[in-house]
Amino acid sequence: MPVLPTKLPNTGTTIFTVMSALAAEHGAVNLGQGFPEFSADPALLQAVTDAMAAGHNQYPPMTGVPALRQAVVAKLNDLYGSAYDADRDITITAGGTQGIITALHACVGAGDEVIIIEPAYDSYDPAIRLAGAVPIGVPMTLDYRIDWDAVRAAITPRTRALIINTPHNPSGRVATSGDLLELERIAEQHDLFVVSDEVYEHMVFDGAPHESVARYPALRERSFLVSSFGKTFHVTGWKVGFVAAPAALSAAFRRLHQYTVFTVHTPTQHAIAAYLANPAPWQGLSDFYQAKRDRFRAALAATPLKLLPCEGTYFQTVDYRAVSDLPDLDFAKWLTTEIGVAAIPLSVFYQRPQERGHVRFCFAKREETLALATQRLQKGLRG
Ligand code: GLN
């Protein structure tokens, strides 16, 4: 057998798979990997069945079902004041992760540098490396705000692109208009592309707006906006998302998309297109998760864990240093095997692991699941 070449020699198994396996093995409540525990709206499920029965079972256009691209454009342009065109600027993808890797391949190449804000979602680093480029991690401030001075200091003549993520996984922070204006200035000044991961766009709390790159015309012109339906409609396993980008960027994106993915599951696209006609499901999502966040935080307040801010997403980050001196990966494993609650350690989201004693819980779970988890934490953790 020849030696297997690998473009990712130092990459192990994603932390989400590792912690889910450990949770299953030990019967722990899995608040690690982020996925909703609720079933999707029966109307959405029925719409997929209806689309299949109606014969929507062959390849859709390479760029996606037209009705879905039109529904996406209507929502984006209405919410963010953009002027995307359904035919030219929108491509339906196999989830956000594919949108991100294909966007990166479309805009960076060998030797280019791409800035990622750390903690950074774990697919960014390998996606950049697979494109032949170099990920440059820029840590957030200690309270998980984007450190724009540090971003500026990291820019070199080789910097080609920057990835932003708001609402932010894993910290639960939400970018402000000030952040987006800074990003716009920096991107223009240094002529950078922006890949904007907005998959939690409909989970923003306390009345704050979602600051999409689509709201900022100069930024929009150089951005690949990536989002998906999995989080919004409780169907993360469907792996259907989209990329919105101006014509030239979308053309470059599609050149790669046509030969790597070509297109995604037809009936699901028809179903989501029809379902998007009713705005109530996504309009109600922030309130739904905000109520869960509040109940979850109230229960965690009765433990020695220190709550960090949660402004968006379905993730709550905590500081456990009153409980344990373990490094965060060891603590997350201990919590899973000994206390029966799985969490995600934050150090894995850095190039140079930062041991800050922080782990992330996912609260997209039924109330009885969260109650069981918080009872175990209240009983098992001593400050
Ligand atoms: N996005 C999910 C999370 O942050 C994980 C998805 C995956 O398992 N790859 O938990």
Side-chain angles (χ1 to χ4, degrees), residues 8 11-25 28-38 93-104 116-130 140 144 163-174 195-204 226-243 261 264 285 289 292-293 296 308 310-318 328-329 332-333 335-336 341-350 358-365 369-370 373:
L8 299 173
T11 300
T13 303
T14 169
I15 189 71
F16 306 114
T17 300
V18 171
M19 294 310 302
S20 281
L22 196 66
E25 189 187 329
V29 182
N30 190 358
L31 305 189
Q33 186 182 33
F35 60 90
E37 195 187 12
F38 333 106
T93 62
T97 300
Q98 184 240 313
I100 290 163
I101 191 167
T102 305
L104 285 164
I116 57 179
I117 312 287
E118 296 180 330
Y121 185 61
D122 76 340
S123 84
Y124 302 163
D125 179 288
I128 294 164
R129 289 180 201 278
L130 286 171
M140 289 176 137
Y144 296 117
I163 306 183
I164 184 166
N165 168 219
T166 183
H168 184 256
N169 178 12
S171 75
R173 280 288 194 191
V174 166
V195 175
S196 184
D197 175 354
E198 304 184 14
V199 298
Y200 300 97
E201 64 180 318
H202 297 303
M203 296 171 209
V204 181
V226 181
S227 193
S228 96
F229 305 103
K231 276 88 175 165
T232 304
F233 296 139
H234 310 325
V235 289
T236 57
W238 285 9
K239 299 298 295 177
V240 182
F242 65 87
V243 169
V261 177
V264 306
L285 201 66
Y289 276 120
K292 284 209 172 285
R293 175 201 66 173
F296 187 53
L308 299 173
C310 173
E311 301 171 328
T313 74
Y314 45 49
F315 301 119
Q316 172 65 54
T317 306
V318 299
D328 65 3
L329 179 57
K333 289 182 173 167
L335 203 63
T336 307
V341 181
I344 298 292
L346 259 62
S347 65
V348 302
F349 301 113
Y350 294 83
H358 293 174
V359 294
R360 186 199 82 177
F361 293 117
C362 172
F363 57 81
K365 307 295 168 191
T369 304
L370 294 174

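Counting starts at 1 for both ligands and their atoms, in listed order.
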Heavy-atom gap N169 to ligand 1 smaller than 4.0 Å: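 Under 4.0 Å: yes for N169.
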Sub-4.0 Å heavy-atom approach of Y121 to ligand 1: yes
Polar side-chain atom of N165 near backbone of N169 as donor-acceptor pair, under 3.5 Å: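 It does hold such a pair.
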Where ligand 1 meets Q33 - atom numbers and elements under 4.0 angstrom, heavy-atom basis: 7 (C), 8 (O), 10 (O)
Contacting atoms of ligand 1, where contact means under 4.0 angstrom from a heavy atom of R360: 3 (C), 4 (O), 10 (O)
Parallel, tilted or perpendicular: rings of Y289 and F38 (30°, 60°):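 It falls in the tilted class, 30° to 60°.
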Short N or O distance, F315 and ligand 1, threshold 3.5 Å exclusive: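 It does not: no N or O of F315 is found under 3.5 Å from an N or O of ligand 1.
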Heavy-atom check, side chain of V264 versus side chain of K239, under 4.5 Å: no
M19, portion touching ligand 1 at heavy-atom distance under 4.0 Å: neither
Closest non-hydrogen atom pair, G34 against R360: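 Closest approach of G34 to R360: N-NH2, 3.5 Å.
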Side-chain donor-acceptor contact under 3.5 Å, Y124 with D197: yes
